[in-house]
Enquirer: 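What follows is a structure written as structure tokens; I'll ask about it next.
Note that this is a predicted model, so its numbers are computed, not measured.
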Amino acid sequence: MSAPVQPPEVRGDTAHPEAAGYRARRTLPLRVEVMRQLRRRRTLLMGGVLAALPFILIIAFAIGGTPDGEDGGGGGGGGGRINLMDVATESAANFAATSLFVSAGFLLVVPVALFCGDTVASEASWSSLRYLLAAPVPRVRLLWSKLVVALGFSLAAMVLLPLVALVAGTAAYGWGPLKLPTGGALSAGDTVPRLAIVVAFIFVSQLVTAGLAFWLSTKTDAPLGAVGGAVGLTIVGNVLDAVTALGSWRDFLPAHWQFAWADALQPQLEWGGMIKGTAVSVTYALILFALAFRGFSRKDIVS
């Protein structure tokens, strides 16, 4: 009578040695994805553009003279939004706040859409997505790794801009209190925490764009379509917010709260608008991220 056949792990079969030590959570480590994205040309280009913006503004102020609010600016026409351009050259802190003010509406949308919209679609366009999944990398693990890294790079882009602006502004205008266009000033000790709140809120408000881009990235093999679609829909939201006939319906638009961070640059910190904006943005973002994970888990990968 022949001996019973033992399972591979018992009889020491080495035909598939990787199966014994396989752990889904160890596939596609975050550090690997970070290095892959960091070496990409579009990452370096976007970092260069954001780092160059403060110097471009310094040159513009040097050529055009000290900014003033006589031309209307952006202070009174946008639902009570303050005009930081009036005090842009008062100190490094003012200059950093102004850099965020001029870029939050559109420029900072681009890196978020780029990092989140290009991440999965680019793998599909290179025909490498199916090979990643055959490694095998679980689909949830693949999306989770790419989403975390994409959001990390998006946050880094938003931190890079004010950091460079603070350094460049200190050299050009000196360090000092944050002078408020509505009157008064914040002490130098309060300036950095307030700017950190501003950056944090801008990042949270851009989660909707991140969700749109990431969801589109799982639906198409064209990175430009995912990135462009997210930017386009964000612009549509801004246009709808400008339609005052919508009345209170605009409160449900993420774009309606995108400048609520101005409440952090007041003598008394106001949280109301930022809390409402955060609730709207996070709600939309969670829905879009859930759609991305659900759709990708059922998608036939052919590229």
Enquirer: For A264 versus V198, what's the shortest heavy-atom pair and its separation?
Expert: CB-CG2, 4.1 Å

Enquirer: Counting distance only, does the side-chain N/O of T218 pair as donor-acceptor with the main-chain N or O of W215 below 3.5 Å?
Expert: yes

Enquirer: Show the nearest heavy-atom pair for residues A97 and W261, with the distance to one decimal.
Expert: O-CH2, 4.3 Å

Enquirer: Short question: side chain of S281, backbone of P254 - any donor-acceptor pair under 3.5 Å?
Expert: no

Enquirer: Looking only at non-hydrogen atoms, find the nearest pair between L151 and A210 and report the distance.
Expert: CD2-CB, 3.9 Å

Enquirer: CZ of F289 to CH2 of W144: how many Å apart, nearest 0.5 Å?
Expert: 9.5 Å

Enquirer: Looking only at side chains, do D251 and S248 share a donor and an acceptor under 3.5 Å apart?
Expert: no

Enquirer: Are F61 and I56 joined in one hydrophobic group, where the rule is that I, L, V, M, F, W and Y side chains link up if heavy atoms are under 4.5 Å apart?
Expert: no

Enquirer: Rounded to the nearest 0.5 Å, how far does CG of L100 lie from CZ of F95?
Expert: 10.5 Å

Enquirer: Where do I197 and W271 come nearest, in terms of heavy atoms and distance?
Expert: CD1-CH2, 3.9 Å

Enquirer: Just say parallel, tilted or perpendicular for the rings of F259 and F101, cut-offs at 30° and 60°.
Expert: tilted

Enquirer: Look only at the side chain of T191 and the backbone of P177, and say whether a donor-acceptor pair between them is shorter than 3.5 Å.
Expert: no

Enquirer: Sequence neighbours excluded, which residues qualify as side-chain contact (heavy atoms from CB on, under 4.5 Å) partners of I235?
Expert: F106, V231, V239

Enquirer: Measure the CG-OG distance between L57 and S99 for me, rounded to the nearest 0.5 Å.
Expert: 5.0 Å

Enquirer: So, T283 side chain and A279 main chain: donor-acceptor pair closer than 3.5 Å or not?
Expert: yes

Enquirer: Of all the heavy-atom pairs spanning L180 and Q266, show the shortest one and how long it is.
Expert: CD1-C, 3.8 Å

Enquirer: Counting only N and O atoms by type, is there a donor-acceptor contact under 3.5 Å from the side chain of S205 to the main-chain atoms of I202?
Expert: yes

Enquirer: Please answer: with hydrophobic residues joined when any side-chain heavy atoms are less than 4.5 Å apart, are M46 and L53 in the same cluster?
Expert: yes

Enquirer: Please determine whether the number of non-hydrogen atoms from other residues, nucleotides or ligands lying under 6.0 Å from atom CH2 of W257 exceeds 12.
Expert: yes

Enquirer: With a 4.5 Å limit on heavy-atom distance, are the side chains of F115 and T43 in contact?
Expert: yes

Enquirer: To the nearest 0.5 angstrom, please state how far the CZ atom of F293 sits from the CG atom of L147.
Expert: 5.5 Å

Enquirer: For R294, does the CZ atom sit with more than 12 other heavy atoms under 6.0 Å from it, leaving out its own atoms?
Expert: no

Enquirer: Please report, to 0.1 Å, the donor-acceptor pairs under 3.5 Å made by any side chain of residues 152-167, with sequence neighbours excluded.
Expert:
residue : atom : partner : partner atom : Å
S154    : OG   : A150    : O            : 2.9

Enquirer: If you measure only the distance, is there a donor-acceptor pair under 3.5 Å linking the side chains of Q37 and D118?
Expert: no

Enquirer: For L224, does the CG atom sit with more than 12 other heavy atoms under 6.0 Å from it, leaving out its own atoms?
Expert: no

Enquirer: Atom CG in L233, atom CG in N238: separation rounded to 0.5 Å?
Expert: 11.0 Å

Enquirer: Group every Ile, Leu, Val, Met, Phe, Trp and Tyr by side-chain heavy-atom contacts under 4.5 Å, then state whether V34 and F203 land in the same group.
Expert: yes

Enquirer: In this structure, would L44 and V110 fall into the same cluster of hydrophobic residues linked by side-chain contacts under 4.5 Å?
Expert: no

Enquirer: Show the nearest heavy-atom pair for residues V87 and K179, with the distance to one decimal.
Expert: CG2-O, 3.5 Å

Enquirer: Could you tell me the separation between the CG atom of L107 and the CG atom of L50, rounded to the nearest 0.5 Å?
Expert: 5.5 Å

Enquirer: Report, as yes or no, whether the 6.0 Å neighbourhood of atom CH2 on W175 holds more than 12 heavy atoms from other residues, nucleotides or ligands.
Expert: yes

Enquirer: Hey, does the side chain of Y284 reach the backbone of F252 with a donor-acceptor pair shorter than 3.5 angstrom?
Expert: yes

